[in-house]
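To start, the structure under review is shown below, and the notes come after it.
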Amino acid sequence: MLLRLPTSVSEARQCLSEGAIPVGGATLQWAVWQRDGFPRQAMSLREVPQANVLGAGELGAAVLLHRVDERVPEVLRRAAAGIGTGAVRRSATVGGNIVGSTLRCLLPAAVVLDARAVVLDTEGPYETDLAELTAKRPLLLSLRWRTPVASAYRKLSEAPGGPPPLVVATAVHAPTGLRPLLRIAVRDGYDVLAESTECDTGAESVLDALAGTAIGALPAEAREVVREQVTELLARTAS
């Protein structure tokens with residue numbers, strides 16, 4: 001297998017057009033290739049500047065999880081810090097987790113940040129939403145978002161051999177109209193449920209609004225985690 005290391009978006013586009021298969025830290029893809037056979041050529045974005053950006057409002061797909069730090073919102077930083085072991089975080093990438101993994105621990109955080117994805121195909125780079133990113137799985141270059149007022153993240157303990165642990169992510173955004181907005185995303189099994197509601201009337205009103213949604217139909221343990229996180233986050237933004 002030939003591993004190609006483009007140094008620009010145009011070179012990466014050329015690699016794609018010639019059939020190179022994208023690979024990040026290969027923590028998941030490598031096992032698939034060992035089972036199904038290796039491709040003739042693969043491509044890593046680790047030398048492409050646009051895929052390595054790490055700063056206010058943007059995170060590159062080739063960034064290793066252990067490098068995600070205080071330059072990004074708390075919800076995204078804590079999500080990255082809670083993935084796997086230290087060894088996994090030193091090899092796994094942002095793009096690999098969101099696009100290549102079935103667990104997608106970073107996805108709820110990206111959802112509550114209302115993130116957009118910059119992706120690449122053989123025609124060139126373009127921006128799309130997270131729904132298209134997860135459904136069609138194009139080559140991710142970076143995520144971009146609007147910085148929230150505050151955010152929070154919780155991942156329950158994982159039971160060995162059990163279903164994926166519950167993840168709850170929340171973020172409060174400054175008003176674009178008259179009122180601030182709370183976004184919430186819950187990973188329940190392999191599904192990510194997302195809702196948003198105005199949040200200037202207090203935690204109880206927000207929880208009442210969520211009660212009539214799919215999030216309100218979650219099991220009691222999950223609803224309690226949602227209640228605790230929403231209450232704590234809104235208390236922080238009010239102080």
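Just so it is clear, the model here is predicted, and its values are computed rather than measured.
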Counting N and O atoms only, with roles assigned by atom type, does the side chain of [X] sit under 3.5 Å from a partner on the main chain of [Y], one being a donor and the other an acceptor?
X	Y	value
H66	A87	no
K155	A79	no
S101	I98	no
D69	V72	no
T213	L210	yes
S151	V75	yes

Salt bridge (charged side-chain N to carboxylate O under 4.0 Å, His left out) partners for [X], two or more places apart:
X	result
R223	none
D36	none
D200	R179
R183	D114

Locate the shortest heavy-atom distance separating [X] from [Y]; write the atom from each residue and the value.
X	Y	value
N97	C105	OD1-N, 3.1 Å
A169	Y153	CB-CD1, 4.1 Å
P49	T7	CD-O, 3.4 Å
S8	S10	OG-OG, 3.0 Å
P6	A12	CB-N, 3.5 Å
T93	A61	CB-O, 3.4 Å

When clusters are formed by joining ILVMFWY residues with side-chain heavy atoms under 4.5 Å apart, either directly or through shared neighbours, do [X] and [Y] land in the same one?
X	Y	answer
V111	L218	no
V192	L103	no
V23	V119	no
V186	L234	yes
L133	V112	yes

Looking at side-chain heavy atoms only, is the closest gap between [X] and [Y] below 4.5 Å?
X	Y	result
Y190	P163	no
L5	L3	yes
R187	P164	yes
L107	V167	no
D121	P138	no
V68	L106	no
I184	S196	no
R154	V225	yes

Summary of salt bridge (Lys or Arg N to Asp or Glu O under 4.0 Å) pairs that have at least one residue in residues 72-87, sequence neighbours excluded: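 Of all non-adjacent pairs touching residues 72-87, those that pass salt bridge (Lys or Arg N to Asp or Glu O under 4.0 Å) are E74-R78, E74-R236.
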Only pairs at least two apart or in different chains count here, so list each salt bridge (Lys or Arg N to Asp or Glu O under 4.0 Å) that has a residue in residues 89-107.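 Non-adjacent pairs meeting salt bridge (Lys or Arg N to Asp or Glu O under 4.0 Å): zero.
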Taking only residues two or more places apart in sequence or in another chain, which ones pass side chain to side chain donor-acceptor pair (under 3.5 Å) with [X]?
X	value
R67	none
R144	E58
T128	E132

Step by step, would you call E198 with V206 a side-chain contact (heavy atoms from CB on, under 4.5 Å)? CA-CA 7 Å; E198 294 175 344; V206 170; over 6 Å; no
Nearest 0.5 Å please: distance from the [atom1] atom of [X] over to the [atom2] atom of [Y].
X	Y	atom1	atom2	value
L140	T134	CG	OG1	11.0 Å
L156	L166	CG	CG	4.5 Å
L65	I83	CG	CD1	5.0 Å
R227	L207	CZ	CG	7.5 Å
C199	H173	SG	NE2	9.5 Å
M1	I21	CE	CD1	10.5 Å

Greater than 12 external heavy atoms within 6.0 Å of Q34's CD: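 Yes, the 6.0 Å shell around CD holds more than 12 heavy atoms from other groups.
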Enclosure of E204 CD (heavy-atom neighbours >12, cutoff 6.0 Å):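 It does not: E204 CD has 12 such atoms or fewer within range.
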What residue pairs, at least two apart or across chains, pass side-chain hydrogen bond (donor to acceptor under 3.5 Å, both in side chains) with a residue in residues 163-172?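 Pairs touching residues 163-172 that pass the test: T170-Q229.
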Sequence neighbours left out, what pairs pass side-chain hydrogen bond (donor to acceptor under 3.5 Å, both in side chains) with at least one residue falling in residues 39-48?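 Sorted pair list: R4-Q41.
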L141: hydrophobic cluster co-members (side-chain, 4.5 Å):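 Members besides L141, by chain and number: V9, L16, M43, L45, V48, V118, L120, L139.
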Working note: R116 + D129, criterion side-chain contact (heavy atoms from CB on, under 4.5 Å); need CA distance, chi angles, decisive distance, verdict. CA-CA 5 Å; R116 300 278 295 174; D129 58 28; 3.3 Å; yes
